[in-house]
Structure formats: structure tokens, C-alpha cells
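Residue numbers begin at 1 in each chain, while the letters A, B, ... track the order of the sequences. Reckoned from all heavy atoms, side chains included, excluding hydrogens, waters and symmetry mates.
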Number of protein chains: 2
Amino acid sequence: MARRKDHAPEELKSMAIKAVIEFLQEQPADKLSLRQVAKMVGYSPGTLINLFGSYAFLILAANAHTLDHISDQLESSMTISDDPKEQLRLFANAYLTFAVEHPYQWQILFEHHLDEADDIPDWQLNRISRLFSLLESRLKVLNPQSSEEERHKASRVIWAAVHGICTLVIDDKLFAQETLTGESMIQSLLTHYLGSWTLPEMQS
Amino acid sequence: MARRKDHAPEELKSMAIKAVIEFLQEQPADKLSLRQVAKMVGYSPGTLINLFGSYAFLILAANAHTLDHISDQLESSMTISDDPKEQLRLFANAYLTFAVEHPYQWQILFEHHLDEADDIPDWQLNRISRLFSLLESRLKVLNPQSSEEERHKASRVIWAAVHGICTLVIDDKLFAQETLTGESMIQSLLTHYLGSWTLPEMQS
DNA sequence: GCCATAATTGAACACCGTTTAGAATTCTTG
DNA sequence: CAAGAATTCTAAACGGTGTTCAATTATGGC
């Protein structure tokens with residue numbers, strides 16, 4: 001009972017990744033399993049392990065796919081406006097929108113931890129640093145006199161803050177009244193935080 | 001093989017919770033298991049399920065304990081200074097410190113999701129809303145003219161932002177140069193965000 | 001001393017990720 | 001063209017997981 005070769009390895013890989021993502025549109029990560037994915041693609045668990053190395057690496061591959069998806073959405077969201085402040089707002093809102101529309105896919109992206117023995121591969125690191133440069137370039141337009149280091153810090157603070165908002169919104173851990181939306185929180189964050197950004201003499 | 005009654009139910013409960021937290025000081029949540037905890041306290045898995053209802057509820061109980069611990073640290077951190085801005089900084093830094101010193105305990109606190117059927121019990125909700133009121137009261141001192149709603153929003157934005165910083169710091173997902181510390185990010189966040197808080201006419 | 005009651009557990013169940021021996025097909029070679 | 005080597009794939013087994021439940025034991029009251 002072997003030797004089928006119905007699909008090329010890369011083809012099967014993308015089938016598995018697609019199955020993972022499809023599953024996560026409706027069910028949370030802890031209901032997902034290797035055996036479930038195997039069933040979906042019509043192969044045995046062992047075959048997927050041969051292909052990806054382990055279940056954890058299959059998830060990692062799916063997360064890479066997700067990150068690409070998010071990158072695309074963020075980058076295209078920026079094209080809507082020319083105003084850098086508005087671009088940052090659109091950027092953050094696109095991030096939030098993805099999290100809200102795909103909560104389980106979003107959760108596994110940040111809650112999946114590899115064993116600390118094997119670290120995150122380069123192709124994953126590169127994706128993320130590209131997103132940060134997008135932020136930093138907008139900050140540079142907003143304040144050309146700012147130093148590289150200032151922009152480095154500001155981009156991280158903003159991203160971490162936006163990320164925190166997204167996390168707590170989809171986990172519903174804000175214990176807020178209903179009038180308080182993620183969008184208005186992002187608006188508030190950016191308005192206040194960037195208020196002094198264009199005045200470089202007042203920085204901490 | 002039954003009827004031991006070596007420990008009163010509440011006693012056994014706190015033993016199990018203690019075992020969970022002890023385990024998480026050294027190993028991540030995905031290495032933890034009900035059977036492991038059972039072994040640590042010297043009871044069978046079934047006994048713990050009888051006691052807590054399920055493994056998920058045992059984790060929830062441990063998380064409640066963690067939240068109390070954090071609350072204490074935060075509240076006592078505030079007593080160090082009388083300046084409300086400084087208090088908020090101390091507050092946020094205490095939060096960060098706990099996360100860095102107990103990363104696995106921190107992770108399970110936010111990455112543990114109950115089945116959406118059964119929702120978070122009231123005693124857990126109360127703990128959190130108490131923390132928010134602490135924030136809001138500092139914001140009121142900073143700007144007595146601010147409305148309840150403004151403080152509500154600002155406290156959520158600040159907490160979400162600080163939370164995001166903590167998350168990304170302990171997951172090492174900031175891809176930042178080594179000079180950028182969590183403390184300096186918190187400093188930057190508060191300085192800039194609160195810069196306009198004392199000027200209520202400039203709010204979004 | 002007996003009996004109902006409450007506490008505890010071992011065994012079973014259905015799942016999980018991973019390993020591995022071997023079956024089945026294809027490719028290469030003589 | 002046949003034979004053997006190489007590749008692809010899976011079934012089965014292993015040790016783990018949370019959970020259920022019948023069986024067992026010790027206790028407290030009568």
C-alpha cells in the first residue's frame with residue numbers, strides 16, 4: 001500500500017497548508033491535529049511528517065503563509081492614502097481587521113511556540129523585518145529629522161501597541177463598554193502617540 | 001483503593017494549583033499535563049477532575065492565582081511614588097517584570113482559552129476590572145476634567161499597549177536591536193501617549 | 001457491628017504525534 | 001525486457017494525552 005505519487009511534494013505541501021488554514025476559519029487551533037489534516041488531504045499522518053519534519057513545522061509553514069497574506073493586506077491598505085499618518089492608521093486597521101476576521105488563524109500565528117532548541121528560520125524573520133521597514137519609512141516621512149534609532153523604537157512601540165489591542169480585542173479581554181471599538185482605540189493610540197512625533201525636540 | 005482524605009478539598013486544590021505554578025517556572029505550558037500534576041500532588045488524574053471539573057478549569061484556577069499575584073505586585077508598585085505619571089510607569093513596569101520573570105506562567109494566563117460554551121466566571125472578571133479602576137483613578141488625578149468615558153478608553157489603550165509590549169518582548173518577536181528594552185518602550189509609550197492627556201481639548 | 005455514604009482510583013476509551021518495518025510502485029541498469 | 005535498486009507511502013505500534021466510570025475502600029452514624 002504505497003507509491004502513489006498523486007501529487008508532487010510541493011503540491012502536497014500547499015494542500016496541507018491550505019487544509020490547516022481552512023480548518024482554522026471555523027475551529028480553534030486546539031481542535032486541529034495532524035491526523036485531522038492528514039484526513040483532509042487524503043494522506044497518512046506519517047506522510048505529512050516526512051514532508052514537513054514534524055507537526056510543529058507544518059504549523060510553522062501555515063503561519064508563514066498567513067504572514068504573507070497579512071503582509072499583502074497591509075501593503076495594499078497603505079496605497080489608499082498618501083498622507084503618512086493616515087497610512088499608519090490604515091496599516092493598523094488592516095492588521096486589526098485580519099485578526100477579527102480570522103481569529104483562530106491569528107491566534108495560532110502568535111501562540112505557536114517552537115521548542116527553543118530549533119529557532120525560527122530566516123525566511124520567517126525576513127518577512128517581519130520587511131513589515132517594520134514599512135512602518136519606519138512612514139515615520140521618516142512624518143519627521144525627516146528623526147534618527148534611525150528613534151524610528152526603530154517608535155515603530156516597535158506602535159506595532160506592539162497595535163498588536164496588544166488586536167490580541168485583547170479578539171480574546172475579549174478588555175472588559176470595555178460596547179462603544180469602545182478596536183478602531184477607536186487604534187485611532188486614539190496613533191493620535192496621541194504621534195502627536196509629539198512631528199516635534200522631535202520633545203522625545204523620551 | 002480509595003477513601004484517603006489526607007487533605008481537605010480546598011487544601012488539595014491549592015496543592016494542585018501550587019504544583020501547576022511550580023512546574024511553569026521551569027517548563028512551558030505544552031509540557032504540562034493533568035497526569036503530571038496528579039503525579040506531583042500524589043493523587044490520581046480522576047481525583048483532580050472531580051475537584052476542578054476538568055483540566056481546563058484547573059488551569060483557570062491557577063490563572064486566577066497568577067492574576068492575584070500580579071494584582072498584588074502592581075498595587076504595591078504604585079505605592080513607591082506619589083506622582084501619578086510615575087505611578088503609571090511603575091505599574092506598567094511591574095507588569096513587564098512579572099512577564100519577564102515568569103514567562104511560562106504569563107503565557108498560559110493569556111493563551112489558555114476555554115471552550116466558548118462555558119464562559120469566564122465572575123470572580124475572574126472582577127479581578128481584572130479592579131485593575132482597570134486603578135489605572136482610571138490615576139488618569140483622573142492627572143486630568144480631573146476628563147470624562148469617565150475618556151478615562152475608560154485611555155486606560156484600555158494604555159493597558160493593551162503595555163500588554164502588547166510584554167507579549168512581544170517575552171516571545172522575542174520585536175526583531176529589535178539590543179539597546180531597545182521593554183522598559184524604554186514603556187517609557188516612550190507613556191510619555192508620548194500621556195503628553196496630550198493633561199490637555200483635554202486635544203483628544204481624538 | 002453494620003450499613004450507607006463519601007472519597008479515591010485503576011482500567012478503559014478515544015484521541016494525540018511520532019517511529020518504523022515493510023508493501024507497492026517506479027526507475028535504472030544489465 | 002527482466003531484475004534489482006530506489007522511492008513513496010502507509011499500517012501498525014508506542015507512549016503519551018484528558019476523561020469516564022465501575023469498583024473498592026475507609027469513614028461516620030445508628
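Looking at B:R35, its side chain has no donor and acceptor atom pair within 3.5 Å of the base of D:dG16.
Taking only side-chain nitrogens and oxygens, B:S44 never comes nearer than 4.0 Å to OP1 or OP2 of C:dT8. For the pair B:T47 and C:dT8, the criterion of a side-chain N or O lying under 4.0 Å from OP1 or OP2 is not met.
Among the nucleotides C:dT19, D:dG18, C:dT9, the one closest to any side-chain atom of A:I49 is C:dT19. Set against D:dG18, C:dT8, D:dC9, the side chain of B:Y55 has D:dG18 as its closest nucleotide.
The CG-C1' distance, from B:L58 to D:dT19, rounds to 14 Å in whole Å. The separation between A:L34 atom CG and D:dT17 atom P is 18 Å, rounded to whole Å. In this structure, B:L51 atom CG and C:dT9 atom P are separated by 11 Å, rounded to whole Å. The separation between A:H7 atom NE2 and D:dC9 atom C1' is 13 Å, rounded to whole Å. Taking atom CG of residue B:L32 and atom P of nucleotide D:dT17, one finds them 10 Å apart after rounding to whole Å. Per the geometry, CZ belonging to B:F57 stands 14 Å off C1' belonging to D:dG18, to the nearest Å. Separating the NZ atom of A:K31 from the P atom of C:dG17 is a distance of 14 Å, rounded to the nearest angstrom. Rounded to a whole Å, the CD atom of A:Q36 is 17 Å from the C1' atom of D:dT17.
Position along DNA chain C of the nearest nucleotide to A:S33 versus A:G46 favours A:S33 as the more 5'-ward residue. Comparing A:N50 and B:A56 by the nucleotide of DNA chain D that holds the closest heavy atom to each, the one mapping nearer the 5' end is A:N50.
Centroid-to-centroid, the aromatic rings of A:Y95 and A:W106 come within less than 6.0 Å.
Salt-bridge formation is detected for the pair B:E148/B:R151: a Lys NZ or Arg NE/NH1/NH2 atom is positioned less than 4.0 Å from an Asp or Glu carboxylate oxygen. Salt bridge present: B:R156 and B:E136 bring a charged side-chain N and a carboxylate O closer than 4.0 Å.
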Practice task
For the pair A:E26 and A:K31, evaluate salt bridge (charged side-chain N to carboxylate O under 4.0 Å, His left out) and give the outcome as yes or no after the intermediate values.
Solution key: CA-CA 10 Å; A:E26 308 213 319; A:K31 305 287 176 198; over 6 Å; no
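With hydrogens and angles left out, the side-chain atoms of B:S33 and B:Y55 include no donor and acceptor closer than 3.5 Å.
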